[in-house]
Amino acid sequence: MQALRFIFHFAFSARGLAVRGLALLGLVVIGLAAPSRAAPPDRSVAGPVAAEARQKALTELFAKLRRAPDAQTAAQIRGFIVRLWGHSGSATGDLLMARAESLMKGAKGPEAAALLDRIVALYPDWTLGWRRRAQSAVLQGDSEGAMLDLDHALGVESRDFMAMRELASLMRALGRNVPALELLRRALEIDPQNDPLRREAEQLEQQIEGNRI
């Protein structure tokens, strides 16, 4: 309800009149992000329809993110995208992920890893599952496994700027600065108003150039 009040306030504010379409799209995001009480998506008749609607909303959001006029608008659009990514489309999947995240926070690495294995098996097209499993792998010291999972996440969703940034960070830690920079540049093409991301890319570029001198 609080999110709805915010979106309606934004839609009818002086600034919001110029981007009312974004606010209305936010209402769609709230509806699509709400988990279904049905079985996992592949067992539900409505699954393909819901998945198609989510992809359509994501495509529109990414287009708006690329054209965002300022960092504030971009941050709001980015939040809508992350919100959609945060849900599997199934109450079961969301519950499993909440449990896995709780285990990770409780430093129960093996249990979290086992549950995340189950999540990616049940929901192979859910990019968050692969990103969380990558984070779990990092916590257990398996950087190579994490990189493979992040690469898989990008195979599922080629526009996943979060996976790009996480993969770039792992590559930098291993001294693979050039491919890391390429990933950051790809993320910037998708999210050009992301100032922290831009600074990170610029710093890495300077580091690479400095090493060549």
Side-chain angles (χ1 to χ4, degrees), residues 33 35 39-43 51 54-55 58 62 65 78-191 194 196-201 203-205 207-208 211:
D42 57 333
R43 300 178 187 174
R54 288 161 68 89
Q55 283 303 314
L58 280 169
F62 274 113
L65 182 63
R78 198 179 306 123
F80 287 152
I81 292 171
V82 171
R83 180 164 185 164
L84 276 178
W85 279 343
H87 295 276
S88 64
S90 161
T92 302
D94 293 355
L95 184 62
L96 290 173
M97 180 59 75
R99 177 59 179 160
E101 291 174 340
S102 177
L103 288 169
M104 288 173 65
K105 291 177 182 177
K108 297 181 179 179
E111 294 94 330
L115 187 51
L116 287 164
D117 287 346
R118 182 181 174 192
I119 289 171
V120 298
L122 287 171
Y123 307 93
D125 295 330
W126 189 17
T127 184
L128 179 62
W130 295 101
R131 278 196 279 110
R132 286 289 183 268
R133 198 170 81 156
Q135 291 165 1
S136 174
V138 169
L139 292 174
Q140 297 182 79
D142 183 10
S143 295
E144 291 295 336
M147 291 172 68
L148 287 173
D149 280 347
L150 290 170
D151 187 64
H152 197 112
L154 289 170
V156 171
E157 173 53 89
S158 62
R159 304 165 297 186
D160 191 338
F161 47 80
M162 298 179 76
M164 291 177 198
R165 198 168 183 182
E166 291 171 17
L167 183 53
S169 177
L170 289 172
M171 286 183 168
R172 291 185 67 176
L174 295 173
R176 304 177 190 176
N177 289 341
V178 173
L181 180 58
E182 292 175 358
L183 280 167
L184 294 177
R185 286 172 173 168
R186 279 174 57 190
L188 272 173
E189 290 177 3
I190 295 168
D191 188 7
N194 191 324
L197 177 60
R198 183 174 300 281
R199 287 193 296 270
E200 184 178 349
Q203 290 169 1
L204 182 55
E205 185 174 11
Q207 180 181 341
I208 293 172
N211 290 338

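Because only heavy atoms are used, hydrogens play no part in the values below, and waters and symmetry mates are left out as well, while side chains stay in.
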Which heavy atom of Val120 sits nearest to which heavy atom of Asp117, and what is that distance?
CG2-O, 3.3 Å
Would you call Val178 and Met171 a side-chain contact if the rule is heavy atoms closer than 4.5 Å?
no
Contact between Met147 and Leu174 at the side-chain level, heavy atoms closer than 4.5 Å - yes or no?
yes
Taking every non-hydrogen atom, the tightest pair across Val138 and Ala146
CG2-CB, 3.5 Å
Which heavy atom in Ala168 sits nearest to a heavy atom in Leu183, and how many Å separate them?
N-CD1, 3.8 Å
About how many Å separate OG of Ser88 and CZ of Arg54, when rounded to the nearest 0.5 Å?
7.0 Å
Which value, rounded to the nearest 0.5 Å, describes the distance between Glu182 atom CD and Asn177 atom CG?
11.5 Å
Tell me whether Trp130 contacts the main-chain N or O of Ala163 through its side chain, where contact means a donor paired with an acceptor under 3.5 Å.
no
Determine whether Arg172 and Pro179 make a side-chain contact, defined as any pair of heavy atoms from C-beta on separated by less than 4.5 Å.
no
Residue pair Leu184 / Met164, side-chain heavy-atom distance below 4.5 Å:
no
Pair His152, Arg133 - check side chain to side chain contact (heavy atoms under 4.5 Å, CB included), show working.
CA-CA 11 Å; His152 197 112; Arg133 198 170 81 156; over 6 Å; no
Nearest 0.5 Å please: distance from the CG atom of Leu188 over to the CG atom of Asn194.
7.0 Å
Quick check against the 3.5 Å criterion: does Tyr123 have a side-chain atom that pairs as donor or acceptor with the backbone of Gly129?
no
Carefully, step by step, assess Asp149 and Arg131 under the rule salt bridge (charged side-chain N to carboxylate O under 4.0 Å, His left out).
CA-CA 7 Å; Asp149 280 347; Arg131 278 196 279 110; over 6 Å; no
About how many Å separate CG of Leu128 and CE of Met97, when rounded to the nearest 0.5 Å?
4.0 Å
Main chain of Arg159, side chain of Glu157: is a donor-acceptor contact present, judged purely on distance under 3.5 Å?
yes
Listed by chain and number, what are the side chain to side chain donor-acceptor pair (under 3.5 Å) partners of Arg186, not counting sequence neighbours?
none
Can you find a pair of side-chain heavy atoms, one from Leu96 and one from Leu122, that are under 4.5 Å apart?
yes
Indicate the atoms forming the closest heavy-atom contact of Gly145 with Ala137, along with that distance.
C-CB, 4.4 Å
Salt bridge present between Arg176 and Glu144 (N-O < 4.0 angstrom):
yes
Would a line drawn from the ring center of Trp85 to the ring center of Phe161 be shorter than 6.0 Å?
yes
Heavy atoms, side chains only, cut-off 4.5 Å: are Trp126 and Asp94 in contact?
yes
Which heavy atom in Ala121 sits nearest to a heavy atom in Pro124, and how many Å separate them?
O-CD, 3.7 Å
In Å and rounded to the nearest 0.5 Å, what is the CG to OG distance from Leu148 to Ser143?
11.0 Å
Taking atom CZ of Phe62 and atom CZ of Arg78, what is their separation to the nearest 0.5 Å?
11.0 Å
For Ala113 and Gln140, work out which heavy atoms get closest and say how close.
CB-NE2, 3.4 Å
